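The structure displayed is predicted, hence computed values, not measured ones.
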Amino acid sequence: MLEIAVCDDDIADLECAVTMLHKIFTSQQITYHIEQFVSTNQMLENISRIDIGILDISMEELNGIKLGRKLKEKFPGCEISVYYEL
């Protein structure tokens with residue numbers, strides 16, 4: 001099962017990203033679990049496993065690039081994607 005984490009401090013964009021991921025993985029019949037976060041600090045504190053991280057580039061606590069670097073340090077095998085706007 002793929003463990004996916006999505007972080008965006010804009011709830012509407014977060015929900016949009018999760019909906020798109022749900023459609024993609026369901027259509028491909030891939031087993032997955034998505035964790036949603038509106039806070040970068042909350043994400044870093046609560047993630048214990050991650051295969052894919054989908055991150056907003058512009059967030060107040062920590063931008064998506066810096067968050068992605070921290071996630072790669074903690075989970076070297078994870079794949080990170082950073083987006084600007086949906």
Side-chain angles (χ1 to χ4, degrees):
M1 176 183 310
L2 282 177
E3 290 293 333
I4 303 161
V6 183
C7 188
D8 194 321
D9 57 357
D10 181 300
I11 293 174
D13 286 345
L14 177 64
E15 290 175 357
C16 182
V18 170
T19 298
M20 283 191 296
L21 290 168
H22 173 70
K23 288 179 182 177
I24 292 166
F25 289 112
T26 301
S27 72
Q28 297 298 310
Q29 299 179 334
I30 297 171
T31 307
Y32 66 96
H33 176 257
I34 297 176
E35 289 282 335
Q36 303 177 50
F37 298 93
V38 293
S39 162
T40 58
N41 293 329
Q42 186 181 57
M43 181 179 188
L44 288 170
E45 291 172 8
N46 292 299
I47 289 286
S48 59
R49 180 174 172 252
I50 181 175
D51 297 306
I52 300 171
I54 309 294
L55 315 172
D56 180 18
I57 196 167
S58 178
M59 294 183 280
E60 290 193 24
E61 294 174 338
L62 191 66
N63 73 45
I65 293 174
K66 290 179 182 176
L67 175 58
R69 287 182 181 141
K70 288 184 178 283
L71 290 170
K72 286 296 274 186
E73 286 175 13
K74 192 172 179 181
F75 307 102
C78 74
E79 296 295 327
I80 302 295
S81 178
V82 181
Y83 63 90
Y84 181 65
E85 285 185 26
L86 294 176

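To the nearest 0.5 Å, atoms CG (Asn63) and CG (Asp9) are separated by 11.0 Å. Atom CD of residue Glu15 and atom NE2 of residue His22 lie 13.5 Å apart, to the nearest 0.5 angstrom. Here the OG1-NZ distance, from Thr40 to Lys66, works out to 11.0 Å after rounding to the nearest 0.5 Å. Atom SG of residue Cys7 and atom CG of residue Asp13 lie 12.0 Å apart, to the nearest 0.5 angstrom. One distance of note links OG of Ser58 with CG of Asp8; it measures 9.0 Å at 0.5 Å rounding. Atoms OG1 and CD, on Thr31 and Glu3 in that order, are 11.0 Å from each other to the nearest 0.5 Å.
No side-chain heavy atom of Asn46 sits less than 4.5 Å from a side-chain heavy atom of Glu35. Contact check for Asp56 versus Tyr83: side-chain heavy atoms found under the 4.5 Å cut-off. Looking only at side-chain heavy atoms (C-beta outward), Ile50 and Met43 come within less than 4.5 Å of each other. Residues Asp51 and Ile4 are not in side-chain contact: their nearest non-hydrogen atoms beyond the backbone lie 4.5 Å or more apart.
Judged as a side-chain hydrogen bond (donor to acceptor under 3.5 Å, both in side chains), and not counting sequence neighbours, Arg69 has no contacts.
Considering all non-hydrogen atoms of both residues, Glu61 and Asn41 come closest at OE1-N, 3.1 Å. Listed here is the closest heavy atom pair of Leu55 and Gly64: CD1-O, 3.4 Å. A pairwise comparison of heavy atoms in Cys78 and Leu71 identifies SG-O, 4.0 Å as the closest pair.
Counting heavy atoms of neighbouring residues, nucleotides and ligands inside a 6.0 Å radius, atom CD1 of Ile30 exceeds 12 of them.
Linking ILVMFWY residues whenever their side-chain heavy atoms come closer than 4.5 Å, directly or via other members, leaves Ile34 and Met1 in distinct clusters.
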(message) Apply side chain to side chain contact (heavy atoms under 4.5 Å, CB included) to residues Lys70 and Leu62 and explain how you reach the verdict.
(response) CA-CA 10 Å; Lys70 288 184 178 283; Leu62 191 66; 3.8 Å; yes
(message) Walk me through whether Ile52 and Leu21 qualify under side chain to side chain contact (heavy atoms under 4.5 Å, CB included).
(response) CA-CA 11 Å; Ile52 300 171; Leu21 290 168; over 6 Å; no
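Judged purely by atom type and a 3.5 angstrom limit, Ser27 uses its side chain to pair as donor or acceptor with the backbone of Ile24.
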